[in-house]
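Reviewing the structure listed below.
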Amino acid sequence: MNKNLKKRDQEVVWHPFSPVKGGFPILPLVKAEGVYLITEDGEKIIDGISSWWVNNLGHSNPEIAEELFKQAKNLSHVIFAGFTHEPAISIAEKILEHLPGQSKVFFSDNGSTSVEVALKIVMQFWKNQGQKNKKRIIALEGAYHGDTFGAMAVGERGGFNITFEPYLFDVDFLPFPTEENEEKCLAKFEDLLEKKDVAGFIFEPLIQGAAGMRIYSPKILEKLIHKAHEYNVICIADEVFTGFYRTDKLFASDYIEEKPDIFCLSKGLTAGTLPLSLTTVSTQIFESFNNSESEKALYHGHSFTGNPLGCAVALKSFEILNRVETQESHRNLCLRQTLFVEEIKNHPAITKANCLGTVLSIELKTGESSGYYNSIRESIYHFFIEKGILLRPLGNILYFLPAYIITNEQLDYVYSCIKEFLNNEKLLKLK
Ligand SMILES: Cc1ncc(COP(=O)(O)O)c(C=O)c1O
């Protein structure tokens with residue numbers, strides 16, 4: 001019955017983020033287990049990107065599957081306006097325990113919608129406060145916050161959203177902060193804040209994933225948040241990618257003292273099992289909605305808001321993530337990634353190699369300009385798929401971020417293939 005999946009797929013399915021013709025070939029899967037994706041032909045592929053950065057405990061975790069089954073037999077879904085249930089309350093309690101200063105959780109379905117909710121909360125907060133002039137949003141150059149309209153609007157204008165640019169609201173972008181431009185970046189921030197019309201500042205803390213795994217320092221982020229707070233501007237940490245130990249600590253914001261006011265969480269929240277996201281807010285923000293005036297309520301909700309299956313799975317995932325064995329394996333991954341960066345960073349094919357927690361990124365020299373459309377992308381993808389490893393580079397940025405349960409043997413294999421690729425002058429086409 002599973003035969004010819006590829007052909008049937010071609011007839012009826014439209015895949016994301018791929019040109020209809022000429023993109024990467026579509027591989028039919030029949031199973032996934034641990035770090036492996038298993039194809040129709042029985043090939044095993046190491047998932048080196050945790051399936052778009054979501055799968056942090058490996059695929060088809062039996063305990064999570066068991067929990068899902070148990071929940072499905074009891075309460076699989078209910079409208080979340082006017083009803084509540086144990087899994088939603090418990091995951092909200094659990095997450096808030098780990099986010100000091102945050103007091104309420106709003107549920108949605110994916111990273112983009114968690115950002116939409118955050119932006120709408122910020123916009124409505126100022127309206128509720130009677131400060132209608134506070135409307136502008138500041139983001140960072142290179143930002144990616146998702147593919148819905150609000151999320152696109154606060155993202156870097158470029159290839160992903162250029163078609164929709166005329167429909168996106170205006171946003172001010174700060175230069176991506178580096179040690180060299182710190183003063184310039186802070187000065188521009190202050191200039192914008194001085195206009196007194198800024199409502200919110202949104203950022204991916206410490207690492208911009210889609211921009212090419214670009215890392216920046218907690219010190220400068222701390223200064224930006226501090227400055228924003230001085231001017232009474234709400235700070236939104238988009239931790240959709242960085243949350244749940246991706247950057248080593250539970251949240252990337254744990255690297256800084258001055259805390260953001262809103263958090264967006266998704267991806268690793270359910271260990272990549274079900275679509276679920278959370279937008280959490282501080283007491284001060286919630287208080288502006290905490291009244292009976294209907295025009296001050298947040299009119300936002302999705303059919304599957306607070307889905308009990310997603311919440312039960314998130315709770316189980318969080319418990320597994322925090323177990324001693326998972327933490328040991330995670331620590332080992334962080335250490336191995338750091339050691340590997342040290343080993344290869346001076347390789348002549350590399351401009352820059354970096355690591356933050358479980359995320360390893362390598363910028364390749366190609367003789368073309370650096371970026372998503374760099375043609376080396378195809379060669380990298382095919383080379384590694386042939387080796388039984390899924391790496392889906394961002395142009396000439398090759399990155400590797402596996403599930404935390406990956407073994408030393410599997411890591412050795414991936415590292416040896418990366419080295420083989422780096423030494424393949426033909427593929428790298430170095431000029
Ligand atoms: C930082 C960040 N925010 C938001 C999103 C959007 O999440 P989703 O694809 O679940 O809508 C992503 C996705 O990669 C992301 O990396």
Side-chain angles (χ1 to χ4, degrees), residues 16-20 23 52-53 110-123 134-178 180-182 184-193 195 197-216 220-221 224 228 233-242 260 262 264 266-267 279 361 363 368-377 392-397 399:
F17 265 102
S18 325
V20 173
W52 259 339
W53 324 342
N110 53 61
S112 304
T113 53
S114 73
V115 169
E116 294 292 331
V117 170
L119 293 170
K120 284 171 87 167
I121 288 174
V122 167
M123 291 164 183
K134 277 176 94 78
K135 277 184 175 156
R136 290 194 74 82
I137 304 288
I138 299 180
L140 296 180
E141 280 173 13
Y144 176 75
H145 296 288
D147 292 340
T148 50
F149 273 85
M152 280 196 291
V154 292
E156 165 105 353
R157 303 294 189 268
F160 294 167
N161 57 31
I162 197 82
T163 310
F164 310 104
E165 201 178 353
Y167 307 95
L168 305 180
F169 62 78
D170 226 15
V171 165
D172 293 305
F173 289 95
L174 290 182
F176 178 76
T178 61
E180 294 76 47
N181 76 1
E182 178 174 330
K184 215 172 117 200
C185 179
L186 282 166
K188 172 151 188 201
F189 199 32
E190 186 130 29
D191 277 353
L192 293 168
L193 295 170
K195 294 181 186 156
D197 59 354
V198 180
F201 167 46
I202 184 165
F203 49 87
E204 294 151 89
L206 306 196
I207 180 163
Q208 287 187 325
M213 301 297 154
R214 288 204 296 188
I215 298 168
Y216 63 104
I220 172 100
L221 179 58
L224 289 168
V233 163
I234 299 171
C235 294
I236 308 170
D238 175 352
E239 294 246 14
V240 166
F241 167 47
T242 50
I262 297 184
C264 302
S266 187
K267 294 201 187 263
T279 306
S361 80
E363 185 178 331
E368 284 175 38
S369 56
S370 200
Y372 188 78
Y373 298 102
N374 188 299
S375 63
I376 192 85
R377 182 167 178 261
R392 201 183 150 91
L394 296 153
N396 59 322
I397 312 293
Y399 68 89

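For the numbers below, each heavy atom of this structure counts, side chains included, while hydrogens, waters and symmetry mates do not.
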Straight-line distance of [X] [atom1] to [Y] [atom2], nearest 0.5 Å:
| X | Y | atom1 | atom2 | answer |
| --- | --- | --- | --- | --- |
| L119 | I234 | CG | CD1 | 10.5 Å |
| N374 | E368 | CG | CD | 4.0 Å |
| Q208 | E156 | CD | CD | 8.0 Å |
| C235 | L224 | SG | CG | 8.5 Å |
| D170 | I137 | CG | CD1 | 11.5 Å |
| N181 | L186 | CG | CG | 9.0 Å |

Angle class for the F160/Y144 ring planes (parallel below 30°, perpendicular above 60°, tilted otherwise)?
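Perpendicular, since the angle between the ring planes exceeds 60°.
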Parallel, tilted or perpendicular: which one describes the rings of F241 and W53, with boundaries at 30° and 60°?
tilted
K135 atom NZ, over 12 foreign heavy atoms within 6.0 Å
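Atom NZ in K135 is not packed in, count stays at 12 or less.
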Is F17 atom CZ crowded by more than 12 heavy atoms from other residues, nucleotides or ligands, each under 6.0 Å away?
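It does: F17 CZ has more than 12 such atoms within range.
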Residues in side chain to side chain contact (heavy atoms under 4.5 Å, CB included) with E363, at least two apart?
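Expected list: T351, K352, S370, N396, I397.
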Where [X] and [Y] come nearest, the two heavy atoms and their spacing:
| X | Y | answer |
| --- | --- | --- |
| M123 | F169 | CE-CZ, 3.8 Å |
| L193 | I138 | CD2-CD1, 4.4 Å |
| G146 | S112 | CA-OG, 3.3 Å |
| E141 | R214 | O-NH2, 3.2 Å |
| F173 | L140 | CD2-O, 3.5 Å |
| H145 | V154 | CD2-O, 3.4 Å |

When you measure from the side chain of [X] to the backbone N and O of [Y], does any donor-acceptor pair fall under 3.5 Å?
| X | Y | value |
| --- | --- | --- |
| T163 | N161 | no |
| K134 | V233 | no |
| T279 | C264 | no |
| N110 | S266 | no |

Can you list the steps and then say if T242 with E239 is a side chain to side chain donor-acceptor pair (under 3.5 Å)?
CA-CA 5 Å; T242 50; E239 294 246 14; 2.8 Å; yes
side-chain contact (heavy atoms from CB on, under 4.5 Å) between T178 and Y216, worked out
CA-CA 6 Å; T178 61; Y216 63 104; over 6 Å; no
Step by step, work out the side-chain contact (heavy atoms from CB on, under 4.5 Å) result for R392 and R377.
CA-CA 8 Å; R392 201 183 150 91; R377 182 167 178 261; 3.8 Å; yes
